[in-house]
Chemist: 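Got a structure here, written out as C-alpha cells. Questions coming.
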Amino acid sequence: MKNRLPVENAGDTDVCLSVEPYGEDFWLRPREVFTVVPMGDGNAQFTVVVATGVITVWLYEDGDPHEVMLDYEVVDANGEKLECGHQRPTDLDSS
C-alpha cells in the first residue's frame, strides 16, 4: 500500500493545506480530514511544516530531499479527489 498522509483540522477555524512545490491549496474546515496521496510507484516521505493557519506538505521520493514527487492527489474523508482551491475563502480567491 502506498504511503498516505491524513491531515486533520482539530481547531475551530479554517486551515489551509498547501502542497508543494506547486503551492496548491485545500482548505480544511474544523474537524475535517483530508489525505495527501502520492501517485508515483516509489515510497514517499512527507515533510510537514506548520505555521499559523497553514500546513505545508512536501513529498519526497524514497526519502531523497532532492527528488520531489510531483504527482499526488488530495482526497476528502469519502475518498473524493479535491481540486486546488477547495473551500478557499472568497476573500482570498484571486480568480
Side-chain angles (χ1 to χ4, degrees):
M1 177 158 96
K2 293 182 183 180
N3 293 355
R4 302 165 65 86
L5 178 67
V7 179
E8 180 177 357
N9 179 0
D12 57 3
T13 61
D14 291 356
V15 173
C16 177
L17 168 61
S18 176
V19 183
E20 296 293 350
Y22 299 124
E24 292 187 319
D25 62 320
F26 308 85
W27 289 78
L28 293 107
R29 294 189 174 130
R31 294 170 299 288
E32 276 191 314
V33 178
F34 296 162
T35 302
V36 180
V37 182
M39 302 308 291
D41 292 332
N43 185 27
Q45 175 181 328
F46 301 93
T47 296
V48 179
V49 180
V50 178
T52 303
V54 64
I55 301 166
T56 303
V57 174
W58 289 83
L59 293 85
Y60 296 103
E61 183 83 33
D62 294 323
D64 184 342
H66 302 291
E67 293 294 326
V68 176
M69 294 185 89
L70 303 177
D71 194 19
Y72 65 89
E73 62 184 24
V74 175
V75 299
D76 66 12
N78 296 319
E80 297 293 322
K81 181 180 176 184
L82 304 176
E83 298 298 324
C84 176
H86 178 76
Q87 301 180 152
R88 181 186 298 138
T90 56
D91 60 338
L92 297 178
D93 198 352
S94 60
S95 30

Chemist: Where do Val75 and Lys81 come nearest, in terms of heavy atoms and distance?
Modeler: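 So the minimum-distance heavy-atom pair works out to CG1-CA, 4.0 Å.
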Chemist: When you group the ILVMFWY residues by side-chain heavy-atom contacts below 4.5 Å and let the links chain together, are Ile55 and Val74 in the same group?
Modeler: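 Linked, Val74 and Ile55 end up in one cluster.
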Chemist: May I have all residue pairs that pass ring-ring contact (aromatic ring centres under 6.0 Å, His included) and include part of residues 25-77, sequence neighbours excluded?
Modeler: Phe34-His86
Chemist: Are Val68 and Leu59 connected in the hydrophobic side-chain network, where two residues link if heavy atoms are under 4.5 Å apart?
Modeler: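 Val68 clusters together with Leu59.
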Chemist: For residues 10-17, which side-chain donor-acceptor pairs fall under 3.5 Å, sequence neighbours excluded?
Modeler:
none

Chemist: Looking at Ser18 and Val54, what are the two nearest heavy atoms and their distance?
Modeler: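 Result for this residue pair: CB-CG2, 4.2 Å.
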Chemist: Output the distance between atom CD (Gln87) and atom CG (Leu28), rounded to the nearest 0.5 Å.
Modeler: 7.5 Å
Chemist: Test of understanding: clusters of I, L, V, M, F, W, Y form through side-chain heavy atoms closer than 4.5 Å, transitively. Do Leu5 and Met69 belong to the same one?
Modeler: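 Yes.
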Chemist: When clusters are formed by joining ILVMFWY residues with side-chain heavy atoms under 4.5 Å apart, either directly or through shared neighbours, do Leu70 and Val19 land in the same one?
Modeler: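 Hydrophobic grouping puts Leu70 with Val19.
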Chemist: Can you name the residues that form a side chain to side chain donor-acceptor pair (under 3.5 Å) with Glu61, not counting sequence neighbours?
Modeler: none
Chemist: Do Val48 and Val7 sit in one hydrophobic cluster, given that two such residues count as connected whenever their side-chain heavy atoms are within less than 4.5 Å of each other, even indirectly?
Modeler: yes
Chemist: Which pair of non-hydrogen atoms, one from Glu20 and one from Gly23, has the smallest distance, and what is that distance?
Modeler: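 That closest heavy-atom pairing would be OE1-N, 3.3 Å.
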Chemist: Counting distance only, does the side-chain N/O of Asn78 pair as donor-acceptor with the main-chain N or O of Glu80 below 3.5 Å?
Modeler: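 Not at all, since once roles are kept as given, no pair shorter than 3.5 Å links the two residues.
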